[in-house]
Amino acid sequence: MIPEKLLKPYNPKETEERIYKLWEESGFFNPDSLPTERYPLNAKRFSIVMPPTNANGSLHAGHGLVMAVEDIMIRYKRMRGYKTLWLPGLDHAGFETQVVYEKQLEKEGRSRFAIEPKKLYEEILDFTLNNSANIKSQVRKMGASCDWSREKFTLDPDIVKTVYTTFKKLGDDGLIYRGNRIVSWCPKHQTSFSDLEIEDVEKTEPFYYLKYGPFTISTSRPETKFGDKYVVMHPKDNRYEKYKDGQKIELEWISGKITATVVKDEVIDMEFGTGVMTITPWHDPVDFEISERHGLLKEQIIDERGKLLPIAGEFAGMSIVKARPLVVEKLKAKGLLEKVDEKYKHVVRTCYKCGTTIEPQIRNQWFIKMKPLAEKALQKINAGEITYIPEHYKKITVHWLENIRDWNISRQIVWGIPIPAKICAACGSGFIDLENKIGTCEKCGGELTPDKDTFDTWFSSGQWPFAVLEFPDGNDFKNFYPTDVMETAGEIIFFWVARMIMLGLYITGKVPFKIVYLHGLVLDAKGQKMSKSKGNVINPLDLTAKYGTDAFRMGLVIGNTPGTSLALSEDKIRAYKHFANKFWNIARFVIENTEGETTEAHFTEYSPKDAALQKELQTALSDVTVDMDAYRFYLAAEKLYHYAWHNLADRILEESKDILKNASLEEKRSRKQFLIHTLDKILRALHPFIPFVTEEIWQLWKQPTAKEQMLMVAEWPTAAKGRP
RNA sequence: GCGCGAUUAGCUCAGUUGGUAGAGCACUCGAUUUACACUCGAGAUGUCGCAGGUUCGAGCCCUGCAUCGCGCACCA
């Protein structure tokens, strides 16, 4: 009897939840619970650690792509007999989450700075936990066959322990230092950043030429110049030959008479402006370096909120934005303003989140010396131990690693893993202290207080692969590390991927993954970046509800080459909904027309015509397998789509109508066997891409009596092997 | 300034090692008690950014240029 359900159109809504439950309850998402007959103890293993989802919102289209692509990899390998582990996780996403939460506070008319830190932490934790439940159900809706029993969160005690151990080891190896160094500071968020959180924006602003004693100096930031008492020029600049290094000059400046000191330094570009500049070491990285080289005094002009300090005289307490025109006015009144170039183009460093101009500040922070870590990573990458898909990301990574800078890992926010260190109130020294053992400052005997800062979130996620696999003693670490593939967004290649390689190598001695597969952004139908303010955000759940998850997955995968952005249009997804239904009907035709025919696994009496078709199918399948092994899912999916629709349905099924009606008994039997055989193979081959509809058809058709007979753990339809 | 991509049909994009240019959507004409209207058949649409070069043969390899996008960079 043909199952009643097959007579109606395919209904994803009715199917998906039930099928996912079937899979999940089988336990087969867990590599340890796979049927031992097909997956013996010595079976090959395949593992992917899922990029931990930021627990501060809900799934967006980009997550949809992650889930689709990684699930395809995992399902494919599982069908090929690998014990597959796909380990899901959530990221507290320190600063990112804090920003999201602060926006919410703003709407409520509250400010993070008015909330007691402990209370704020509790609130954000609640917020995060609320989101996580939601996110997890969304990941399930995408059909992700990940092992929920191994799920991890970046704030889990064992992860934190690993992070602390790494911090300690870095310290013991002399790779961590606490330095009073210039850092990038966002006055709005009031935290420091690493160089990656900075966005360079080209701006056109007035450029002021100011009289500084006998010199003319130029600046785009007159409001920072109050404390400038060093005037710097190139030692070989003939124009200023008569001024000697260290020479004192009395001159009239913004707030009155000062004594300036001449400094000669080779960083000065003689061609630029007048070849003379004054320096503001507390608030400019170049100036900081100069003052370090020459042992000059440094003075803070701007506070943490971006307001001027008492040194600015009558401007004290003013924000720099307000102060600038007033300072210019005063300079003008004093006759110190020589000229203004109104259209000066230059690069301004801004906070990547809020666009506020970065105000560099000198702060005592924890830094990691990156050079030694980067060198090891470069060796492995250059030796080809990591394959990049697409390839050009390798060059980008190498370039970044070769020019790496030290990593400031201190963040002045509450939402994160606290830095396990003590700070001396008297001398500012810091001591890594995991066991709360150090009582007084080892340098000056001063009193110690716990470090109030938290780690940069990437410091913890940078250790994710070995941390979640429970390095060093976990069985998972032995069985699944290094992982096979790291699939994530090309956007975070430095933030995350490169750092995982460095930290993974440093701690375990091995690269954390063999293949890096990077996908591009998911854009809207017009190719524009999705953003809440533009109102063009596509919610994956709306699309899966409307067209089914299988259609959504196909739409994300086909025509999407790694590394390239994808414009996601609803038309495209609708087209693959049609495909799911088409395939449903192919199955219905085959099942209806082969009723009563027993399946013979190795049928040998094909008619010449069917033998040819059989060969054609084999070729198509091995071709697809080659693509699968080469991670060309966009091609594999398209080929299967084409075969199923335009070969199987349009050609083979159409001509079968005549054969099944009019041909000889032998020919009929041959065709029926071929149809059964083909449907079986195509169901298997399409399963990684459209898991729900294929499993549903499989269940209706084969009516398996044991969970081991699910399509999810069935064998891939060809033994052919592509390139590794 | 240095580096990395992209440029192929009206739109969005494929094109794996060089061998007669492809898909989806859109478009035109036709079919209809059908496995499927979430359908089928037929069709139109391309100097593959430009200029050279290598080759029997180039969308693909090499050189240069243009346009767009991105990343990196301490010029006050």
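All chains are named by letter (A, B, ...) in the order of the sequence lines, taking the proteins before the strands, and each is independently numbered beginning at 1. The structure presented is a predicted model; accordingly, all values stated were derived computationally and were not measured. What's counted below: heavy atoms across the whole structure, side chains too, no hydrogens, waters or symmetry copies.
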Geometric cation-pi criterion, A/K394 with A/Y388: 6.0 Å, 45°: no
Do we get A/R499 above A/W407's six-membered ring, with its NZ or CZ under 6.0 Å from the centre and within 45° of the axis? yes
State the pairing partner of [N]; accept Watson-Crick or G-U wobble contacts with both distances under 3.5 Å, and report none otherwise.
| N | value |
| --- | --- |
| B/U28 | B/A42 |
| B/C48 | none |
| B/U55 | none |
| B/U67 | B/A6 |
| B/G1 | B/C72 |

Quick one: on RNA chain B, does A/K639 or A/P9 contact a more 5' nucleotide (nearest heavy atom)? A/K639
If only side-chain N and O atoms count, and only distance matters, is there a donor-acceptor pair under 3.5 Å linking [Y] with [X]?
| X | Y | result |
| --- | --- | --- |
| A/Q361 | A/S192 | no |
| A/E338 | A/T216 | yes |
| A/H294 | A/D265 | yes |

Atom pair distance, as rounded to whole Å: [atom1] in [X] and [atom2] in [N]:
| X | N | atom1 | atom2 | value |
| --- | --- | --- | --- | --- |
| A/L401 | B/G3 | CG | C1' | 15 Å |
| A/D623 | B/U17 | CG | P | 14 Å |
| A/E654 | B/G41 | CD | P | 7 Å |
| A/I538 | B/U12 | CD1 | C1' | 13 Å |
| A/E391 | B/U16 | CD | P | 14 Å |
| A/L660 | B/A35 | CG | P | 12 Å |
| A/I697 | B/A35 | CD1 | C1' | 12 Å |
| A/K661 | B/A35 | NZ | C1' | 14 Å |

Taking the six-membered ring for Trp, are the ring centroids of A/Y641 and A/Y576 within less than 6.0 Å of each other? yes
Between [M] and [N] - [atom1] atom distance, rounded Å:
| N | M | atom1 | result |
| --- | --- | --- | --- |
| B/C72 | B/C38 | C1' | 49 Å |
| B/U54 | B/A73 | P | 42 Å |
| B/U12 | B/C27 | C1' | 16 Å |
| B/A21 | B/C60 | C1' | 12 Å |
| B/A26 | B/C68 | P | 32 Å |
| B/G59 | B/G43 | C1' | 25 Å |
| B/G18 | B/G57 | C1' | 8 Å |
| B/G15 | B/A23 | P | 15 Å |

Strictly below 4.0 Å: does A/W645 bring a side-chain N or O up to OP1 or OP2 of B/C40? yes
Just N and O in the side chain of A/Y634: are any of them under 4.0 Å from OP1 or OP2 of B/G15? yes
Regarding [X] and [Y], does a basic nitrogen lie under 4.0 Å from an acidic carboxylate oxygen?
| X | Y | result |
| --- | --- | --- |
| A/D571 | A/R574 | yes |
| A/E595 | A/K672 | no |
| A/K298 | A/E292 | yes |

Which nucleotide wins on minimum distance to the side chain of A/E592, given the candidates B/C4, B/U16, B/A35? B/A35
Quick one: label A/T561 by what it contacts on the DNA or RNA (base, sugar-phosphate, nothing), any heavy atom closer than 4.0 Å. sugar-phosphate
Base, sugar-phosphate alone, or nothing: which one does A/K394 contact when heavy atoms must sit under 4.0 Å apart? nothing
Considering the options A/F494, A/F193, A/F495, which one meets the ring-ring contact (aromatic ring centres under 6.0 Å, His included) requirement together with A/W458? A/F495
Contacts under 3.5 Å, N or O only, protein and nucleotides 23-25 of chain B:
from, atom 1, to, atom 2, distance (Å)
B/C25, O2', A/D571, OD2, 3.1

Name every residue in residues 580-588 of chain A that has at least one heavy atom under 4.0 Å from any atom of RNA chain B, in order of residue number, or write none if there are no such residues. A/N581, A/K582, A/N585, A/I586, A/R588
In terms of ring plane angle, is the pair [X] and [Y] parallel, tilted or perpendicular, where the classes change at 30° and 60°?
| X | Y | result |
| --- | --- | --- |
| A/Y631 | A/Y517 | tilted |
| A/F272 | A/Y344 | perpendicular |
| A/F207 | A/Y209 | perpendicular |
| A/Y243 | A/Y240 | tilted |

If the sugar-phosphate is the primed atoms plus P, OP1 and OP2 and the base is the rest, what is the B/S/- string for nucleotides 70-76 of chain B, using protein heavy atoms under 4.0 Å? -SSBBBB
